[in-house]
Amino acid sequence: GENPDADPIGMYLLNEGNMGSNKADIDYLDYRTAVYARGIYAEKNPNVVKELGDVGNDIQVYDGRLFAVINCSHKVEVMDAYTARRITQIDIPNCRYIRFKGKYAYVSAYVGPVAMDPDAQKGAVFKVDLDTYRIVGQVTVGYQPDELAIVGDRAYVANSGGYRAPNYDSTVSVIELETMRQMYKIDVAINLIKADAYGNLWVSSRGNYDDVPSNLYRLEPNGGRYQVAEAMNIPASNMTVSGDSLYVYSVEYSNQTSKNTVTYAIIDVKKKRVVSRKFITDGTELDIVIPYGIAIHPRNGDIYVTDAKNYVSSGVLHCYSREGVRKWSVRTGDIPAHMVFLERKQPQR
């Protein structure tokens, strides 16, 4: 599963921070010095009023830049990936996730105000020109769209309908990137989404915490259109693809028992089957209260899992070997959620 070309020099971790507390922040793990620096944004950007903002929802590196999607501050913060100094911000209402293709970024957004509302409006995907940081296109999708995956010249966006509970959205919108039009929708389940190297789309469904359990679905193209190929029959809250392995964990809350059930699994995306029911093998998963983020080191296969604990104080980042044995743990900011690796600077072509 290793990528020999990948040799990250560091990893950024975006802490969500509690809604309304304006405590989103970025931590940085420097592989060259083995130093874990907490809350670096304010130090790198002393002149930014209100610091990073309210609720960090996604962090990505692209073309030498670091992009942090700050949901309740309605902006995408753009920084230099090597210094974390701010370049600009892109204003997008209730933005959620960001992905890239060519010279464009694509950002999913709930658009409407941050609030539970059975009449909440449909969301959208915005197309941003990365030379000018201007929005150059947008398309309306389903309700409360979250993750998006880009495969070829199309984007696949999981519509969650999270604001409209219990009437969740259960579709994936298919968008043609060039024209920014919605081509069709795939009815799946209440959703998040990841693409693998074999053309499969993996859609996790959180269920409704009551009579519809969480599940993971595999979609495959059939005559050019994606459709649901199978349900894997394992619960899934979050997942990440590394090589042929899809790492999945689930925190499934039951209204009946008022308890969380936490599970872990690995799926071989080539064989399309569950190959392991746990990827932490030394028993230390019992130290994790609420797994909240997951990432796999692209070179050595180390597994990173964050623990949000009680959601109001510092979380913890745990690192495990590819065999699932804990190597180290470190304190993070509040609600450590999203991780991205920083590759060494490429010489300019």
Side-chain angles (χ1 to χ4, degrees), residues 16 57 96-97 108 110 116 118 120 123 142-149 156-173 185-196 200-220 226-241 245-269 271-280 285-286 288-294 303 305-311 335 337-338:
E16 276 185 11
N57 208 72
R96 302 290 292 183
Y97 289 86
S108 63
Y110 287 4
M116 295 300 282
Y143 294 104
Q144 292 85 61
D146 271 313
E147 268 191 301
L148 55 167
Y156 297 84
V157 186
N159 300 304
S160 74
Y163 283 173
R164 297 161 59 90
N167 303 309
Y168 297 102
D169 197 325
S170 59
T171 60
V172 169
S173 290
K185 279 182 174 171
I186 313 158
D187 196 33
V188 190
I190 308 155
N191 304 327
L192 282 178
I193 192 166
K194 290 275 189 283
D196 68 22
N200 296 294
L201 292 172
W202 299 88
V203 178
S204 65
S205 167
R206 293 187 175 182
N208 64 3
Y209 312 108
D210 200 16
D211 57 339
V212 178
S214 174
N215 209 330
L216 178 69
Y217 298 85
R218 184 175 65 83
L219 281 58
E220 65 183 17
Y226 274 90
Q227 60 187 44
V228 178
E230 63 180 324
M232 304 307 293
N233 297 322
I234 61 164
S237 302
N238 199 353
M239 54 186 167
T240 189
V241 177
S245 296
L246 179 73
Y247 291 77
V248 182
Y249 69 76
S250 165
V251 180
E252 197 167 16
Y253 181 78
S254 162
N255 287 334
Q256 278 114 347
T257 64
S258 303
K259 283 196 174 76
N260 286 316
T261 302
V262 179
T263 52
Y264 300 89
I266 301 174
I267 287 169
D268 182 320
V269 298
K271 296 177 180 155
K272 304 172 188 154
R273 60 186 177 86
V274 177
V275 290
S276 169
R277 286 289 176 164
K278 60 179 188 182
F279 52 75
I280 300 167
E285 73 277 4
L286 296 175
I288 301 175
V289 185
I290 301 286
Y292 208 78
I294 182 166
I303 304 163
V305 178
T306 61
D307 184 353
K309 295 212 172 278
N310 60 6
Y311 298 109
I335 314 185
H338 309 277

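Formation of a donor-acceptor pair under 3.5 Å by the Asp307 side chain with backbone atoms of Val289 is found in this model. A donor-acceptor contact shorter than 3.5 Å links the side chain of Glu252 to the backbone of Ser214. Side-chain atoms of Ser276 never come within 3.5 Å of backbone atoms of Ala265 as a donor-acceptor pair (strictly under, hydrogens ignored). Remark: side-chain polar atoms of Thr171 are not paired, donor with acceptor, to backbone N or O of Ile186 under 3.5 angstrom. Although no hydrogens or angles enter the test, the distance criterion places no donor-acceptor pair under 3.5 Å between the side chain of Asn260 and the main chain of Val251. Between the side chain of Thr257 and the backbone N or O of Lys259, at least one donor-acceptor pair lies under 3.5 Å. At least one donor-acceptor pair closer than 3.5 Å links the side chain of Tyr249 to the backbone N or O of Gly293. Under the 3.5 Å distance criterion, the side-chain polar atoms of Asn159 are left unmatched by any main-chain donor or acceptor of Asp169. Ser160 places a side-chain N or O within donor-acceptor distance of the main-chain N or O of Gln144, the cut-off being under 3.5 Å. The backbone N or O of Val157 lies less than 3.5 Å from no partner atom in the side chain of Ser173, so there is not a single donor-acceptor pair.
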### Query
Under the side-chain contact (heavy atoms from CB on, under 4.5 Å) criterion, do Tyr292 and Asn238 qualify, and how do the steps go?
CA-CA 8 Å; Tyr292 208 78; Asn238 199 353; over 6 Å; no
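Looking at residues two or more places apart in sequence or on another chain, you find a ring-ring contact (aromatic ring centres under 6.0 Å, His included) between Phe279 and Tyr247, Tyr264. Listed by chain and number, the residues in a side chain to side chain contact (heavy atoms under 4.5 Å, CB included) with Lys278 amount to none (sequence neighbours excluded). Listed by chain and residue number, Tyr226 satisfy the ring-ring contact (aromatic ring centres under 6.0 Å, His included) test with Tyr156 (two or more places apart in sequence, or in another chain).
Taken from CZ in Arg218 to CD in Glu230, the straight-line distance is 4.5 Å, to the nearest 0.5 Å. In this structure, CH2 in Trp202 is found 12.0 Å from CD1 in Ile193, a value given to the nearest 0.5 Å.
Among Ile267, Asp196, Asp268, Val274, the single residue meeting the side chain to side chain contact (heavy atoms under 4.5 Å, CB included) criterion with Leu246 is Ile267. Under the side chain to side chain contact (heavy atoms under 4.5 Å, CB included) test applied with Val228, the options Asp187, Val188, Leu201 reduce to a single match, Val188.
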